[in-house]
Amino acid sequence: MSPNNVALLAIFLSVLCCLPARAQAPQQPPITAFVAVNVLPMDSDRVLPGQTVLVENGKIVAIGASVDVPKDAQIIDGQGSRFLSPGLADMHTHADTAADLALYLANGVTTVLHMGEASSAFMGQIRPAVDGGKIPGPQVYAAFVVDGSPRYGHFVITTPDEARWIVRLAKTNGYDFIKVYNDLSAECFEALIEEGRRQQIAVAGHGVSQVGLERQLAAGQVLVAHTEEFLYAMFSSSNDRPPSPEQIPGVIASIKRYGAFVTADLNTYATIARQWGRPAVVATFMQAPEIRHLSPQRRIEWTSAGYAKRSGDLTDRLSFLSRFTKDMSNAGVPLVVGTDAPTIPGLIPGYSVHENLYALEHAGLTRYEVLAAATRVPGEFIRRSVRSAAPFGTIAPGSRADLIYSAKNPLEDLSTLREPLGVMAKGKWYAQSDLRTLLDEVARKYR
């Protein structure tokens with residue numbers, strides 16, 4: 001066997017070892033037709049009853065009440081009572097295995113943005129296999145995270161020249177974003193922005209202490225990676241108390257002035273608040289039925305995480321963030337769902353998205369606004385930032401065929417998305433039995 005063939009075989013085997021047992025993307029007919037379905041196009045708060053949606057080559061090619069269906073098409077008959085909505089998105093994840101990506105798919109999540117510390121194997125092997133439809137999972141976008149000190153464990157740059165080179169290196173290795181972290185110097189941040197424009201790689205991430213979040217947005221940072229970043233980088237408060245609500249309009253005006261997107265990760269902060277200083281709460285996470293889908297390594301990391309060892313109470317800050325998130329939504333700030341799973345104890349890939357949807361609804365967002373933050377707005381964010389990306393997040397001709405087939409109208413009951421009758425990812429159809437098999441195989445892998 002030639003050296004090249006040996007290398008290819010090694011890559012193939014390394015990908016397989018990361019997969020749930022027997023997990024394979026199902027073989028597909030050339031065309032799939034959803035007939036007699038009620039469609040949530042997500043271009044506005046509406047439902048289109050009795051539609052036919054035609055999918056070919058991974059894209060939606062037609063939608064309407066009267067669409068000719070080819071004879072060789074796979075038919076999925078909604079019988080007038082089923083609903084079709086866009087697949088969900090998690091715009092802040094650290095899931096980095098094929099098993100994690102299978103969990104996302106089984107939960108109706110068809111797009112994720114990996115926000116840092118992905119392994120080279122994930123970027124070079126697993127991601128291409130999933131994006132190419134060879135193994136099951138969502139479409140994956142990825143950010144390369146950089147910082148100005150090693151205290152958070154991230155890749156360190158200390159000069160503008162290093163910053164420019166890291167952007168070029170990230171582009172070479174297929175990253176879509178640069179994620180900035182807390183301790184960068186102002187000079188390095190500016191170099192990342194400038195080189196990012198040249199290389200067409202957008203900058204997202206945290207508030208940088210030496211720059212300030214408003215200056216970051218003015219310079220062109222496209223996404224704030226956590227809603228709570230505003231607590232640290234724009235609002236003023238003292239003694240760990242929440243800011244005054246009177247500050248909210250001014251902060252929102254700054255966000256809108258620069259057209260930035262914000263990651264609405266309300267359940268992430270709520271989950272941290274629940275376990276803050278409370279080891280018993282982490283113990284309850286370890287007893288949840290879904291824990292069987294979390295790797296043994298992650299379980300160990302959860303039990304040793306530091307949140308339960310902290311003192312104080314985050315309840316008031318959580319209430320403030322709920323109000324802030326609602327006010328941002330009311331003001332038209334583009335919000336995207338993100339969860340930080342599975343690095344935060346209590347947040348399992350896929351399941352975490354549904355918990356965040358409930359948290360946003362509880363904060364007062366309408367169900368349409370909640371769904372938009374998990375579908376249409378992530379599609380707008382990616383299309384603005386990644387010029388080669390295919391449209392997604394709506395049900396319209398030309399959009400990527402990422403779909404959730406559900407028993408009920410999600411605009412009336414978000415929980416119906418947690419038990420999908422089927423999921424389509426990039427035109428590949430996974431019936432409910434296929435999704436259950438994915439979950440079972442992940443659990444079997446970790447048993």
Side chains of [X] and [Y]: donor-acceptor distance under 3.5 Å anywhere?
| X | Y | value |
| --- | --- | --- |
| Asp90 | Thr339 | yes |
| Gln74 | Thr32 | yes |
| Thr315 | Asp313 | yes |
| Glu441 | Thr437 | no |

Q) Ignoring hydrogens and geometry, is there a side-chain-to-backbone donor-acceptor pair from Ser385 to Ile382 under 3.5 Å? A)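 No.
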Q.
If you define the side chain from C-beta out and look only at heavy atoms, does anything of Pro420 sit under 4.5 Å from Tyr405?
A.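 No, too far: nothing below the 4.5 Å cut-off.
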Q) Any side-chain heavy atom of Phe189 sitting closer than 4.5 Å to one from Arg215? A)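 No; the side chains remain at least 4.5 Å from each other.
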(Q) If the threshold is 4.0 Å, N to carboxylate O, is there a salt bridge linking Arg384 and Glu380? (A)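 No, no charged N to carboxylate O under 4.0 Å.
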Q: Run the salt-bridge test on Asp440 and Arg444 with the 4.0 Å N-O cut-off and return the result as yes or no.
A: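 Salt bridge between Asp440 and Arg444, a charged N being under 4.0 Å from a carboxylate O: no.
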Q.
Please tell me whether Phe381 and Tyr141 form a close aromatic pair, meaning their ring centres lie under 6.0 Å apart.
A.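 No, the ring centres sit 6.0 Å or more apart.
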Q: Please determine if Arg299 forms a cation-pi arrangement with Trp302, meaning its NZ or CZ atom is less than 6.0 Å from the six-membered ring centre and no more than 45° off the ring axis.
A: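 No; the conditions do not both hold, so Arg299 does not lie above the ring face of Trp302.
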(Q) The test is side-chain contact (heavy atoms from CB on, under 4.5 Å); show your working for Phe230 and Phe320 and say whether it passes. (A) CA-CA 11 Å; Phe230 292 95; Phe320 177 84; over 6 Å; no
Q: Go through the steps to decide whether Ser415 and Asp413 satisfy the test side chain to side chain donor-acceptor pair (under 3.5 Å), and finish with yes or no.
A: CA-CA 5 Å; Ser415 68; Asp413 182 1; 2.6 Å; yes
(Q) Would Arg400 and Thr110 count as a side chain to side chain donor-acceptor pair (under 3.5 Å) here? Give the steps. (A) CA-CA 10 Å; Arg400 204 170 68 215; Thr110 54; 5.2 Å; no
**Q.** Option passing side-chain contact (heavy atoms from CB on, under 4.5 Å) with Asp265 (candidates His92, Glu228, Met91, Glu229)
**A.**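 With Asp265 as partner, His92, Glu228, Met91, Glu229 yield a single side-chain contact (heavy atoms from CB on, under 4.5 Å), made by Glu228.
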